[in-house]
Amino acid sequence: MTFKVFLQYILPHRALSRVVYWATRWTFAPWKNFLIGKIVRSYQVDMTEAAQPDPFAYPHFNAFFTRKLRPDARRADTAPGALISPADGRISQAGPIVDGRIFQAKGQDYTAAELLGDEAAATPYRNGRFVTIYLSPRDYHRVHMPLRGVLKETVHIPGRIFSVAPFAVNAIPRLFARNERLVCHFDGAHGPFAVVMVGAILVSSVATVWDGLVIPPYAPSIRRKSFAGQSITLDRFAEMARFNMGSTVIVLLPDGAAELDTLTSQQLIKVGQRLGELHHA
């Protein structure tokens with residue numbers, strides 16, 4: 001175990017994340033401009049895509065980090081049967097779910113039931129498909145719908161807040177099934193599907209378009225919220241949530257819903273870009 005990985009086990013994850021939560025919302029101009037400038041320079045953030053291209057016009061760092069893009073900055077694949085990327089970032093892994101198990105990295109996997117916190121909810125995905133996308137600090141941090149769906153339930157699952165950077169994903173067993181996360185269950189024309197927002201150290205804040213800020217507070221136990229009968233329907237490519245800082249999004253599809261294109265680990269991806277082809281409903 002490297003020292004960098006060892007630190008992930010001993011750092012006070014939630015305390016650090018609380019400090020960062022408030023620090024990234026401080027409106028003191030020298031502070032927020034320092035943070036914004038550091039990220040823009042270090043990660044070569046393309047501000048020409050932003051609705052507000054001046055990075056220092058944002059009231060605080062988190063507003064910059066969750067910035068809107070120009071309407072023409074992203075386009076959804078025009079094929080009506082295309083499954084599209086919900087986020088900008090890199091493909092961490094993608095492929096079949098094999099007997100309920102999801103590939104994390106070489107020598108590492110976890111189960112759909114562990115990820116969703118529910119054996120019954122995982123049943124449709126036993127031999128389905130998954131896509132895991134890692135968002136770095138340079139990326140657009142709003143998450144969009146990979147296909148059209150009706151919101152049925154959200155499940156806030158407590159856990160650790162390990163880093164989700166590649167070094168941690170490669171070394172920490174079952175990382176995505178151990179971190180704090182919000183599971184969003186939808187029904188679509190091809191059956192159920194799930195979009196899982198996985199928190200990470202310094203990053204574990206999630207907001208949705210239907211509920212506003214969901215994390216924090218951190219959950220002491222699994223919290224379920226039903227949306228049955230509320231008819232919350234989101235179209236393909238519609239914004240659904242955002243990370244206040246970056247993290248990881250995992251999409252689960254049931255067996256027979258879609259075939260994925262050839263997606264390679266660390267492949268760059270953008271919101272709206274094709275991931276695969278949905279089967280006829």
Side-chain angles (χ1 to χ4, degrees), residues 83-87 89 91-104 109-135 143-159 164 174-199 206-211 214-215 219 222-228 230 232-243 247-260 263 275-276 278-279 281:
L83 173 73
I84 63 171
S85 175
I91 299 291
S92 177
Q93 298 293 340
I97 302 171
V98 180
D99 198 25
R101 304 200 72 85
I102 300 171
F103 184 65
Q104 175 175 302
D109 65 8
Y110 56 94
T111 70
E114 289 174 324
L115 180 68
L116 301 179
D118 189 323
E119 288 280 355
T123 299
Y125 309 109
R126 186 173 182 82
N127 293 293
R129 299 291 183 271
F130 80 97
V131 180
T132 304
I133 299 172
Y134 166 65
L135 292 74
V143 178
H144 293 241
M145 293 290 287
L147 65 160
R148 190 173 192 268
V150 179
L151 180 66
K152 307 307 290 184
E153 182 184 44
T154 59
V155 186
H156 179 183
I157 303 175
V164 293
R174 301 171 38 257
L175 187 152
F176 299 127
R178 296 168 71 177
N179 271 18
E180 191 113 4
R181 57 203 179 276
L182 183 72
V183 179
C184 304
H185 290 286
F186 296 91
D187 275 344
H190 302 78
F193 65 96
V195 180
V196 184
M197 308 275 290
V198 182
V206 175
T208 65
V209 298
W210 56 82
D211 244 358
V214 179
I215 306 173
I222 291 178
R223 294 176 174 174
R224 301 178 181 276
K225 185 171 183 179
S226 175
F227 294 88
Q230 297 189 34
I232 298 176
T233 302
L234 298 175
D235 287 333
R236 186 182 74 142
F237 193 55
E239 183 182 335
M240 60 162 285
R242 67 184 67 173
F243 285 112
S247 197
T248 292
V249 180
I250 303 173
V251 178
L252 301 186
L253 300 166
D255 186 21
E259 286 302 324
L260 300 179
L263 303 170
L275 296 175
L278 295 164
H279 292 160

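- For the pair His185 and Ala121, the tightest heavy-atom approach, listed with the atom from each and the gap, is CE1-CB, 4.0 Å.
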**Study point:** Residue pair Phe186, Met145: steps toward the side-chain contact (heavy atoms from CB on, under 4.5 Å) verdict
**Key:** CA-CA 10 Å; Phe186 296 91; Met145 293 290 287; 3.7 Å; yes
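- Scanning both residues, Leu263 and Leu275, for their nearest heavy atoms gives CD1-O, 3.8 Å.
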Check your understanding: Hey, mind stepping through Leu151 and Gln230 against side-chain contact (heavy atoms from CB on, under 4.5 Å) and telling me if it holds?
Key -> CA-CA 8 Å; Leu151 180 66; Gln230 297 189 34; over 6 Å; no
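- A heavy-atom distance below 4.5 Å is not found between the side chains of Val251 and Phe130.
- Distance OH/Tyr110 to CG/Leu175: 9.5 Å, rounded to 0.5 Å.
- When all heavy atoms are compared, the tightest approach of Arg236 to Pro146 is CG-O, 3.7 Å.
- Ser92 places none of its side-chain heavy atoms less than 4.5 Å from the side chain of Ile133.
- Here CG of Leu115 is found 5.0 Å from CD1 of Ile250. Values are rounded to the nearest 0.5 Å.
- At a threshold of 4.5 Å between non-hydrogen side-chain atoms, the residues Leu83 and Arg129 do not count as touching.
- When side chains are defined from C-beta on, Asp99 counts as touching Arg126, because their heavy atoms get closer than 4.5 Å.
- Crowding of Glu119 atom CD: a count of heavy atoms from other residues, nucleotides or ligands under 6.0 Å not exceeding 12.
- Contact check for Tyr125 versus Leu116: side-chain heavy atoms found under the 4.5 Å cut-off.
- Contact of the Val183 side chain with the Ile157 side chain is registered, since non-hydrogen atoms from C-beta on lie closer than 4.5 Å.
- Of the charged side-chain nitrogens involved, none lies within less than 4.0 Å of a carboxylate oxygen, so that Arg178 and Glu114 do not count as a salt-bridged pair.
- Remark: Ser247 OG to Ile215 CD1 distance equals 9.5 Å, nearest 0.5 Å.
- Between Asp235 atom CG and Leu147 atom CG the span is 10.5 Å, to the nearest 0.5 Å.
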Review point. Taking it one step at a time, do Arg181 and Phe176 satisfy side-chain contact (heavy atoms from CB on, under 4.5 Å)?
Key: CA-CA 8 Å; Arg181 57 203 179 276; Phe176 299 127; over 6 Å; no
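- Of the possible polar contacts, none joining the Tyr134 side chain to the Gln93 backbone as a donor-acceptor pair under 3.5 Å is found.
- Between the side chain of Glu239 and the main chain of Val209, no donor-acceptor pair closer than 3.5 Å is present.
- Closest heavy-atom contact between Phe103 and Asp109: CA-CB, 4.1 Å.
- Note that CZ of Arg242 is 10.0 Å distant from OG1 of Thr208, once rounded to the nearest 0.5 Å.
- Closest approach of Ala87 and Leu135 over heavy atoms only: CB-CD1, 4.0 Å.
- Judged by distance alone, the side chain of Asp187 and the main-chain N or O of Val150 form no donor-acceptor pair under 3.5 Å.
- Side-chain contact check for Phe227 versus Asp211: some heavy-atom pair is nearer than 4.5 Å.
- Of the inter-residue distances, the one linking Lys225 atom NZ with Glu153 atom CD reads 12.0 Å to the nearest 0.5 angstrom.
- Using a 4.5 Å heavy-atom threshold, the side chains of Thr154 and Val214 count as separate.
- Under the 3.5 Å distance criterion, the side-chain polar atoms of His279 are matched with a main-chain donor or acceptor of Gly256.
- Of all heavy-atom pairs spanning Val249 and Val143, the tightest one is CG2-CG2, 3.8 Å.
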